[in-house]
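See structure below.
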Amino acid sequence: MLVPLSWLKEYVDIDVEAKELEEKLFSCGFEVEESYEVGKDISGVVVGLVEECEPIPETHLHVCKVNVGGAEPLQICCGADNVHAGGKYPVALEGAQVYATAKDHVTIEGTMKIKKGKLRGYESCGMLCSGTELGLNEDLYPGAWLQRIAGTAGGC
């Protein structure tokens, strides 16, 4: 059973770090198979509102105008088929770090930094992120694999 520490803290007064809690649970007869910090390798991700989303002709890509709270919306090229205007999605900004995925969009192959890029002649200034690129999976977030807001691996 997966149990987030934040969930346990809602029911039990816990005033120790995760490692010490793991040791105490083990000493009481509970087996802790694995512990990990979700999102420890992720930085520079905010929620963005897609204000415009237009297909790029003869490709599977879209060019989006995304409001992330700055003076101007960012232009981001995205390869996901479920992105749409009016949607709110995780956005990795320039310099952000997210998980890099294999072509299956499920297997994590390390991390990547987001930088300025061009796709099919369109500038891309960030990346709309999938659950996998944020370290979420079916165990932690049912439906994460459906959330294929897989942006491009470049981005401003």
Can you tell me how far the [atom1] atom of [X] sits from the [atom2] atom of [Y], to the nearest 0.5 Å?
X: C28; Y: E23; atom1: SG; atom2: CD; value: 12.0 Å
X: T59; Y: R120; atom1: OG1; atom2: CZ; value: 5.5 Å
X: E123; Y: C77; atom1: CD; atom2: SG; value: 9.0 Å
X: E54; Y: C64; atom1: CD; atom2: SG; value: 9.0 Å
X: S27; Y: E22; atom1: OG; atom2: CD; value: 11.5 Å
X: D15; Y: E20; atom1: CG; atom2: CD; value: 8.0 Å

Any idea which heavy atoms bring [X] and [Y] closest together, and the distance?
X: I14; Y: L21; answer: CD1-CD2, 4.0 Å
X: E51; Y: A85; answer: O-CB, 3.8 Å
X: L61; Y: G79; answer: CD2-CA, 3.7 Å

Using the rule that Ile, Leu, Val, Met, Phe, Trp and Tyr join whenever any side-chain heavy atoms are under 4.5 Å apart, tell me whether [X] and [Y] fall into a single cluster.
X: L49; Y: Y89; value: no
X: V12; Y: F26; value: no
X: W7; Y: V32; value: yes
X: L25; Y: L5; value: yes

(request) With sequence neighbours left out, write down each residue that passes side-chain hydrogen bond (donor to acceptor under 3.5 Å, both in side chains) with E52, or none if nothing qualifies. (result)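 E52 satisfies side-chain hydrogen bond (donor to acceptor under 3.5 Å, both in side chains) with no residue once adjacent residues are dropped.
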(request) Test E94 against K116 for salt bridge (charged side-chain N to carboxylate O under 4.0 Å, His left out), laying out the working first. (result) CA-CA 7 Å; E94 179 180 7; K116 184 176 186 171; over 6 Å; no
(message) So does V98 get a backbone contact from the side chain of E133, meaning a donor-acceptor N/O pair under 3.5 Å?
(response)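 Not confirmed, E133 side chain does not pair with V98 backbone.
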(message) So does D41 get a backbone contact from the side chain of Q97, meaning a donor-acceptor N/O pair under 3.5 Å?
(response)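 Such a contact is found between Q97 side chain and D41 backbone.
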(request) Flag yes if more than 12 heavy atoms outside E72 fall under 6.0 Å of its CD atom; otherwise flag no. (result)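 12 or below, so no.
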(request) Answer yes or no: are there more than 12 heavy-atom neighbours, outside E58 itself, under 6.0 Å from its atom CD? (result)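 Result for CD/E58: open.
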(message) If you define the side chain from C-beta out and look only at heavy atoms, does anything of Y99 sit under 4.5 Å from T132?
(response)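 Y99 does not reach T132 side chain to side chain.
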(request) Determine whether L74 and L93 make a side-chain contact, defined as any pair of heavy atoms from C-beta on separated by less than 4.5 Å. (result)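 Yes; the side chains approach each other to less than 4.5 Å.
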(request) Check each of K65, H62, H84 against C53 using the side chain to side chain contact (heavy atoms under 4.5 Å, CB included) test, and report the only one that passes. (result)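 One option only clears the test, and that one is H62.
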(request) Identify the residue among V66, V68, V83 that makes a side chain to side chain contact (heavy atoms under 4.5 Å, CB included) with I76. (result)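 For I76, the side chain to side chain contact (heavy atoms under 4.5 Å, CB included) check succeeds only for V66.
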